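We name chains A, B, ... by the order of the sequence lines, and we start the count at 1 in each one. What you are looking at is a predicted structure, and each value in this text was computed from that prediction instead of being measured.
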Number of protein chains: 2
Amino acid sequence: MNAPTNLTKNQALVFDALTRAEGPMSAYTILDKLRDHGFRAPLQVYRALEKLLELGLVHRLESLNSFVACSHTTEACCRHHGTVAFAICESCGQVSEFHDHAIDDRLAHFARSKGFKAEKTTIELRGLCSACAG
Amino acid sequence: MNAPTNLTKNQALVFDALTRAEGPMSAYTILDKLRDHGFRAPLQVYRALEKLLELGLVHRLESLNSFVACSHTTEACCRHHGTVAFAICESCGQVSEFHDHAIDDRLAHFARSKGFKAEKTTIELRGLCSACAG
DNA sequence: AATGTTGGTGTTATGTTATTACATCGGTTG
DNA sequence: CAACCGATGTAATAACATAACACCAACATT
């Protein structure tokens, strides 16, 4: 995916690092990758991430305390596909992002039935990808 | 829920603290609650939690880095209800645990289609409970 | 009884993730 | 110009989690 042009320098650097990585990175790993570009403190990374998360260009993996670039290549990106879910391989670290309307529907149904207003939904599978499971 | 009799002292103390709390607690919050009972170090809490998680008596909320007692009151507990999902109120902190076979089916279907072997599944909704949403 | 193994415990130190607080800088707007 | 806003830089600290090592009680084997 090409970065939008309206990113600031730090945001673009963080987004770039995540895009190149082709896998999840912790904020501190990102920091280390960007030291050569003038990054000195975690906050520089967290602030950029905060914006990128807002824009939907990056996702946070809660079960890993780390971050991935959104795997979508189109401008439309994830907002238009409902909730994002992740399958994370414990062995090779590969993350695949997917969407499932039926799951969205079930969660929406639950929320409606309980009067719960969901702001954010986390769905993460931890396990072994096909390559690593053999 | 009554604690099984086969818990060690530390495990029982941690389980008790979580059960009384009626809400999620971080490991360090648990530690503070148990100082009077002789707890001194985080590891004492983490070790007990590890066992309680194994036994299914406690769940970890990944998006909160904290822990709740399983809301089931029967011996059978959660293992027999498929994946556990949580609705977490950002305002009052209340957590409700639920199960949905349709979601399990969809996730299983995804996994099968990709050859992904899921070991653990995390489903967490963050938002406002009916009371707080008004 | 001696030995070995297993699982729980206690303690210190350290590693990893995230935020608070405060100062500054540059561009935009009234 | 002045006021403001968003981004940035820096230092310090808070919050979450694990590593390494020693000790001990329970139990099984010899």
Report yes or no: do B:Ile88 and A:Leu107 belong to one cluster of Ile/Leu/Val/Met/Phe/Trp/Tyr joined by side chain heavy-atom distances under 4.5 Å? no

Tell me if the CD atom of A:Glu90 is crowded by more than 12 foreign heavy atoms within 6.0 Å. yes

To check you understand the geometry: which heavy-atom pair defines the closest contact between B:Thr83 and B:His99, and what is its length? O-ND1, 3.4 Å

In B/S/- notation (B base, S sugar-phosphate only, - none; protein heavy atoms under 4.0 Å), nucleotides 19-26 of chain D written 5' to 3' is BB------

Rounded distance (Å) that lies between atom P of D:dA15 and atom CZ of B:Phe67: 16 Å

Look at the side chain of A:Arg126 and the backbone N and O of A:Ser63, then say whether any donor-acceptor pair between them is shorter than 3.5 Å. yes

Anything under 30° is parallel, anything over 60° is perpendicular, the rest tilted; go ahead and classify B:Phe67 against B:Tyr46. perpendicular

If we ignore hydrogens and angles and just use 3.5 Å, is the side chain of B:Glu124 paired with the main-chain N or O of B:Glu62 as donor and acceptor? yes

For the pair made of CD in B:Glu62 and C1' in D:dC16, what is the distance, rounded to whole Å? 12 Å

Please say whether more than 12 non-hydrogen atoms of neighbouring residues, nucleotides or ligands are located less than 6.0 Å from NZ in B:Lys120. yes

For B:Pro24 and B:Gly93 the tightest heavy-atom approach is CD-O, 3.4 Å

Taking any atom under 4.0 angstrom from a heavy atom of chain B, which nucleotides of DNA chain C are the first and last to qualify, 5' to 3'? C:dG8 to C:dT12

At less than 4.0 Å, is any side-chain N or O atom of A:Asn65 found next to OP1 or OP2 of D:dA17? Yes or no. no

Would you mind reading off the distance between A:Tyr46 atom OH and D:dT10 atom P, rounded to a whole angstrom? 18 Å

Earlier contact from the 5' end, DNA chain D, for A:Ala41 and A:Lys51: A:Lys51

For DNA chain C, whose closest nucleotide is more 5', that of B:Pro42 or that of A:Arg60? B:Pro42

Could you go through B:Arg20 and B:Lys33, starting from their C-alpha distance and side-chain angles, then the distance that decides it, and tell me whether this counts as side-chain contact (heavy atoms from CB on, under 4.5 Å)? CA-CA 11 Å; B:Arg20 292 180 195 287; B:Lys33 297 263 184 199; over 6 Å; no

Contact list for DNA chain C against residues 24-35 of chain A - heavy-atom distance below 4.0 Å: A:Ser26, A:Tyr28

Can you tell me how far P of D:dG6 sits from CG of A:Asn6, to the nearest Å? 15 Å

Audit row: A:Asn65, A:Arg60, side-chain contact (heavy atoms from CB on, under 4.5 Å) steps and yes/no: CA-CA 7 Å; A:Asn65 291 326; A:Arg60 178 187 171 95; 3.3 Å; yes

Of all the heavy-atom pairs spanning A:Gln11 and A:Ala48, show the shortest one and how long it is. CA-CB, 3.9 Å

Look at A:Gln44 and D:dT8 and indicate whether a side-chain polar atom (N or O) is within less than 4.0 Å of OP1 or OP2. no

